[in-house]
Amino acid sequence: MKLFFSALVLVTSGLAFGQQDTNDVALNDTVKKLYPVTVYYKKQPVERLKEVQGNSLFSGKKNEVISLLNTNGNVVTNNAREIFAKVPGVSIWENEGSGIQINVGVRGLSPNRSWELNTRQNGYDISSDVFGYPEAYYNPPLEAVANIQLVRGGASLQFGSQFGGMLNYDLKRETEKAFSFETQNTVGSYGLFSSYNAIGGTTKKIDYYVYNHSRNGDGWRENGRYAVRNTHAYFAYKFNEKTKLSAEYTNMDYDMQQAGGLTDAQFEANPQQSFRSRNWFGTPWNVGALILDTQFSDRLTFNAKLFGLIGERNSVGFLAAPNVVDAINPATNAYANRQVDRDFYKNFGLETRSIFKYRFDQEEQKLAFGVRLYQANMNRLQQGRGTTGSDFDLSIEGRYNRDLDFTTDNFAAFAENQFKITPRLSVTPGVRFESIRSTSEGRINITNGNDVIATPQDITRNVALFGLGVEYKWERTNFYANFSQAFRPVLFSDLTPSATTDVIDPNLKDASGYNLDLGYRGSLFGFVNFDVSYFYLLYQNRVGSIRQFTNNDPTQSTYLFRTNLGETIHKGFEGFVNVNVTKAFQVNEAIGDINFFATMSFIDATYSDFRLTQVSGTAPNIVITQSNLAGKQVENAPRYIHNFGISWDFKNVSATFQNRTTSKIYTDANNTETPTANGVTGALAGFSVYDFSMKYDFLGHYNIKSGINNLTDASYATRRAGGYPGPGILPNDGRTFYISIGAKF
């Protein structure tokens, strides 16, 4: 980034900014003629949120800001492995290379569609249902994102109760020109073609930004085709310097063929192969928001977001295990009927945030507060008898076996106050109150043509969460500590019995616990940037199923009772360091900036309690054996995640080479080592993968970007699936490349 400073004419002080020309003639004894000087400044790829930013407090909270405008990486296919490389403790599911869904988790929590995080775009919710079904089927194309903000568990008081924290995608805006045009067009391996085009501008009264992103490809695996389109429009009107009203709307639609899972033998033979050509997935998505920003006085600011979401989750496919052949039946000369599942979402919310500044004991204090109203409705249609065809056809024969309606009503209020004890020391206590009502009703099955109605559920809870943050500053570093309570409401899946004989505990409790962070961060010597911390996460009341006898009679049949059974503890160390080597040796002006970076995380995520039951024998001689998972490693939680890399920036050229190394994970709570024959269960080996990316800017407006992902063509997997997107082991992409040309005027 170039910052242009005009030299100042300084009178009588004798001080000057910039270099004086030796041929200058003195205008008088004290005034010199000075010339402009250009200062080059490049933002760090990973930064920290300010103590107060917007209408939120971040003092004492562990957080990262990833500046995508200053990050080398494959943003075309949303390669999270590269983008989150400088954020420690982020685990990623890499089960398909389209980049349509970003699956990330932190500190050993599940990466499944980022559902342990409060996922937002420009500060408002974008997941299916924040409480009952918090899966993020939509994320913006990273070519349209200016930065990504990740606040760990300390975000639970201001943003919501999720254990993982808050993940916010902050979209690009044009802040300098009345009109600008940006285009980026990419081709790559396996038929990849992507085009991003945007216009934007700013005037005294009006801001606007519109983009369209289209991407399609054949996929690295067989039967892995995809086509996605994202369109976004933003318009803002500034009434005056203190008040602005903006509106924005995002529409996404995609069709994605799902290659399905493999057995381990199939994976070893050829991870690119697929035995499912008739499985499809798509989620048309609409998100909109109306945002008001105003400043009532020098002390009080106010922000209100009215937002809504209308979306769908649609899938059709043959969902048997990968060792079951999907072939034409000679008797019928047709394939088997596929299964169709559909969800329909309608969510609306209003969220306000304010900062009130006041003075106490000669220091300025800051109070952040706000309220939230939210309602979500979901209609879930499952187990429809689909066609015997191969295309993306959602039509069914008859009715869906399962037709359920879920609703969520939520009211929340929060307050956090930063008390400045001294200019260096601040203490920030806070509280959040949540009132949540979850309901479910509808048909759970059809038996002999008759509807089987699910037991209606209506759960209301009022929860208060407390937290405390501390921050102490030195010149360029600070110590931070934060304790925040968290909870996760009972999910819709927990309220849905998998069989008509299952019983849901009417006193089912929400998962509860807390996050603790202790850390030290900042910059040293002008060329070292770092953040090291310890974390402790307690996750109580995990939901599970335990088998019991009907009427407690061993001579009768058994049933699964779904209730609160488990507790897990996640603890460990996270570290990030970036060293500008050329700046350290003061040669950066001659050869550019060479940065070495490393992120290291050590995670100990284990069950401290989780009861299980096993059934043996036949009626009336049934035997139930109970056991406990205490001491087992949490599924999908690696013991360590390390990223190392080197980047070089000089004038108009930049390049990054990096490595990601992850330990072995277990894919089930029993910590099964040997994979099952169908590939659904079993440990996944650790892996090491390398990526390279570069960028060249030329002629003031143009750029060329290129990269190679998985440089050594490593074969590995990060996930096994029991259902969608197809049971079995899900391979990562092998070696791929891309090249892109773009311009901005």
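FYI, the numbering just counts along the sequence from 1.
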Chi angles and distances behind the side-chain hydrogen bond (donor to acceptor under 3.5 Å, both in side chains) call for Thr439, Thr407: CA-CA 5 Å; Thr439 68; Thr407 64; 2.3 Å; yes

For [Y], is there an ion pair with [X] - N to carboxylate O distance below 4.0 angstrom?
X      : Y      : result
Arg424 : Glu475 : yes
Asp517 : Arg107 : yes
Arg488 : Asp510 : no
Asp361 : Lys420 : no
Glu416 : Lys366 : no
Lys244 : Asp293 : no
Lys346 : Glu312 : no
Lys86  : Glu64  : no

Any donor and acceptor pair, going by atom type alone, linking the side chain of [X] with main-chain N or O of [Y] inside 3.5 Å?
X      : Y      : answer
Asn139 : Ile102 : yes
Thr496 : Phe492 : yes
Asn379 : Leu404 : yes
Glu574 : Ser533 : no
Gln162 : Gly164 : no
Asp609 : Ala630 : no
Ser114 : Leu117 : no
Glu635 : Thr667 : no
Ser354 : Thr301 : yes
Ser156 : Gly153 : yes

Under a 3.5 Å cutoff, is there a donor and acceptor pairing between the side chains of [X] and [Y]?
X      : Y      : result
Thr408 : Asn410 : no
Arg152 : Asn515 : no
Glu116 : Tyr539 : yes
Arg120 : Asn118 : yes

Row check, [Y] ring normal vs [X] NZ/CZ: under 6.0 Å, within 45°:
X      : Y      : answer
Arg342 : Phe344 : no
Arg113 : Tyr138 : no
Arg173 : Tyr234 : yes
Arg372 : Tyr374 : yes

Non-hydrogen atoms of [X] and [Y] that approach each other most closely:
X      : Y      : answer
Glu434 : Ala412 : OE1-CB, 3.4 Å
Arg48  : Asn63  : CD-O, 3.3 Å
Thr599 : Ala85  : OG1-O, 2.9 Å
Ser435 : Asn462 : OG-OD1, 2.8 Å
Ser161 : Leu465 : CB-CD1, 3.9 Å
Phe131 : Pro489 : CD2-CG, 3.4 Å

Indicate, with yes or no, if the rings of [X] and [Y] have centres closer together than 6.0 Å.
X      : Y      : value
Phe348 : Phe307 : no
Phe356 : Phe369 : no
Trp285 : Tyr345 : yes
Phe530 : Phe576 : no
Phe602 : Tyr640 : no

Pairs flagged by salt bridge (charged side-chain N to carboxylate O under 4.0 Å, His left out) wherever residues 296-305 is involved - sequence neighbours left out: none

Separation between [atom1] of [X] and [atom2] of [Y], rounded to the nearest 0.5 Å:
X      : Y      : atom1 : atom2 : value
Asn78  : Ile100 : CG    : CD1   : 9.5 Å
Arg719 : Ile92  : CZ    : CD1   : 14.0 Å
Asp505 : Asn564 : CG    : CG    : 7.0 Å
Ile148 : Asp170 : CD1   : CG    : 10.0 Å
Asp129 : Gln375 : CG    : CD    : 10.5 Å

Check against side-chain hydrogen bond (donor to acceptor under 3.5 Å, both in side chains), Asn417 and Gln365: CA-CA 7 Å; Asn417 197 109; Gln365 319 297 331; 5.0 Å; no

Is it the case that atom [atom1] in [X] sees more than 12 heavy atoms from other parts of the structure closer than 6.0 Å?
X      : atom1 : value
Arg461 : CZ    : yes
Glu441 : CD    : no
Lys50  : NZ    : no

Full working for side-chain contact (heavy atoms from CB on, under 4.5 Å) between Trp474 and Tyr520: CA-CA 11 Å; Trp474 284 272; Tyr520 182 52; 4.0 Å; yes

Plane angle bin for Phe58 and Phe159 - parallel if under 30°, tilted between 30 and 60°, otherwise perpendicular: parallel

Check against side-chain hydrogen bond (donor to acceptor under 3.5 Å, both in side chains), Glu567 and Ser608: CA-CA 6 Å; Glu567 177 182 278; Ser608 59; 2.7 Å; yes

Chi angles and distances behind the side-chain contact (heavy atoms from CB on, under 4.5 Å) call for Glu51, Gln418: CA-CA 9 Å; Glu51 284 189 358; Gln418 183 194 37; 2.8 Å; yes

Asn636 and Ser110: CA distance, side-chain angles, deciding distance, side-chain hydrogen bond (donor to acceptor under 3.5 Å, both in side chains) verdict: CA-CA 6 Å; Asn636 301 307; Ser110 171; 4.8 Å; no

Contacts of Asp604 that satisfy side-chain contact (heavy atoms from CB on, under 4.5 Å) - sequence neighbours left out: Lys571, Thr606, Arg639

Worked verdict on Asp531 versus Lys62 for salt bridge (charged side-chain N to carboxylate O under 4.0 Å, His left out): CA-CA 9 Å; Asp531 187 348; Lys62 183 176 178 65; 3.4 Å; yes

